[in-house]
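Every heavy atom of this structure was used, including side-chain atoms; hydrogens, water molecules and symmetry mates were not.
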Amino acid sequence: QTKLPTADGGRVKDSVAQAFDRDPHLNASGAVGRKKAKRMAVLEKKKAQQEAKKALAAQKAHAKAAKELKGKARSREGNLAPVAADLVRRCRRDAAGEQRLLAMVAERVASDPEKEMELFDVFFELHVRGCDARTRQLALLSAVAVFKDLVPGYKIREPSDAEKS
């Protein structure tokens with residue numbers, strides 16, 4: 001009998017009995033040579049390491065997904081356009097001041113959308129951090145109204161071959 005340790009801390013004889021159930025190449029008595037027992041113990045150890053590595057990778061992926069989800073749930077204050085952040089900082093932090101800011105931003109975006117599109121962030125910032133519930137609602141409704149004005153009323157499609165020529 002050999003007394004070689006296995007990956008699970010047991011003796012090779014225990015792992016050989018388990019291996020005999022799985023491996024038809026072993027003889028009926030379950031006896032294996034010292035080399036084969038050692039190789040089987042090394043293989044079992046490698047399998048356990050691979051399973052541990054897979055579990056760790058799954059845990060890291062889960063943690064990363066949770067972190068990304070948490071990041072999306074936070075305010076976009078860090079991602080706020082500089083011009084929009086400046087306007088939000090300068091406005092009076094009362095309901096009337098924020099509502100005037102909403103009106104000014106809506107007018108500027110509607111007048112020149114290609115140039116002032118980064119001001120759209122003001123709507124979402126005030127929706128998240130407005131001083132009262134009415135301002136937060138008005139911020140979202142203003143964003144929808146401006147967006148609706150900017151989107152064309154007709155279907156956008158590729159020109160057909162007949163239209164091209």
Side-chain angles (χ1 to χ4, degrees), residues 5-10 14-15 18-19 21-23 39-165:
T6 61
D8 59 354
D14 299 333
S15 63
Q18 292 171 355
D21 295 335
R22 295 184 307 248
D23 192 359
R39 275 188 266 141
M40 288 171 49
V42 169
L43 285 174
E44 286 180 16
K45 185 177 177 181
K46 283 184 180 180
K47 284 182 184 179
Q49 287 175 345
Q50 288 175 349
E51 289 175 10
K53 193 183 277 188
K54 284 181 183 178
L56 182 64
Q59 186 179 14
K60 283 183 179 179
H62 179 68
K64 183 179 177 184
K67 184 179 178 182
E68 287 177 1
L69 185 62
K70 186 177 178 182
K72 288 180 182 178
R74 273 187 276 161
S75 172
R76 297 175 12 147
E77 186 174 319
N79 295 338
L80 201 61
V83 175
D86 186 46
L87 284 175
V88 170
R89 228 179 293 118
R90 285 191 302 165
C91 87
R92 275 195 353 224
R93 295 309 271 175
D94 64 338
E98 288 180 350
Q99 290 171 11
R100 275 195 295 275
L101 176 66
L102 285 173
M104 181 200 52
V105 168
E107 187 177 327
R108 282 178 63 179
V109 172
S111 66
D112 193 6
E114 292 161 352
K115 182 179 174 187
E116 305 288 350
M117 191 53 71
E118 59 189 13
L119 291 180
F120 224 87
D121 291 343
V122 172
F123 296 123
F124 301 118
E125 183 67 19
L126 288 179
H127 175 66
V128 173
R129 297 186 186 274
C131 67
D132 64 344
R134 181 173 167 84
T135 303
R136 288 190 294 270
Q137 289 174 347
L138 285 173
L140 194 59
L141 290 173
S142 299
V144 169
V146 170
F147 185 75
K148 189 177 174 185
D149 287 342
L150 297 179
V151 174
Y154 53 88
K155 185 176 178 179
I156 299 173
R157 61 177 177 80
E158 290 287 326
S160 65
D161 292 334
E163 293 172 342
K164 286 181 183 178
S165 49

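If you take NZ on Lys60 and CG on Leu56, they are separated by 5.0 Å, rounding to the nearest 0.5 Å. Annotation: the span from Leu102 atom CG to Leu141 atom CG amounts to 10.0 Å, rounded to 0.5 Å. Atom CG of Asp94 is separated from atom CD of Gln99 by 9.0 Å, given to the nearest 0.5 angstrom. In this structure, Glu114 CD and Asp112 CG are separated by 6.5 Å, a value rounded to the nearest 0.5 Å. The CG atom of Leu140 lies 13.0 Å from the OG1 atom of Thr135; values are rounded to the nearest 0.5 Å. Summarising the geometry, atom CZ belonging to Arg92 is positioned 11.5 Å from atom CG belonging to Leu101; distances are rounded to the nearest 0.5 Å.
Around atom CD of Glu107, no more than 12 heavy atoms belonging to other residues, nucleotides or ligands sit under 6.0 Å away. Counting heavy-atom neighbours within 6.0 Å of Glu158 CD, excluding the residue itself, gives a total of 12 or less.
Residues Leu87 and Met104 have side chains in contact (heavy-atom distance under 4.5 Å, counting atoms from C-beta outward). Between Leu80 and Arg89 the shortest side-chain heavy-atom distance does not fall below 4.5 Å.
The two residues Val109 and Glu116 have their closest heavy-atom pair at CG2-O, 3.4 Å. The shortest heavy-atom contact between Leu119 and Val105 is O-CG1, 3.5 Å. In this structure, Gly97 and Cys91 approach most closely via the heavy-atom pair O-CB, 4.4 Å. Taking both residues in full, the closest heavy atoms of Ala106 and Val146 are given as CB-CG2, 3.7 Å, listed atom of the first, atom of the second, then distance.
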**OP:** Report the C-alpha separation of Leu150 and Met117 in whole Å, then their side-chain angles, then the decisive distance to 0.1 Å, and conclude whether the side chain to side chain contact (heavy atoms under 4.5 Å, CB included) test is met.
**Re:** CA-CA 11 Å; Leu150 297 179; Met117 191 53 71; 3.9 Å; yes
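Remark: the backbone N or O of Cys131 is paired with a side-chain donor or acceptor of Glu98 at under 3.5 angstrom.
Using a 4.0 Å cut-off between charged side-chain N and carboxylate O, Asp132 and Arg134 make no salt bridge.
Using bins of under 30°, 30° to 60° and over 60° for the plane-to-plane angle, the ring pair Phe124/Phe120 lands in the tilted bin.
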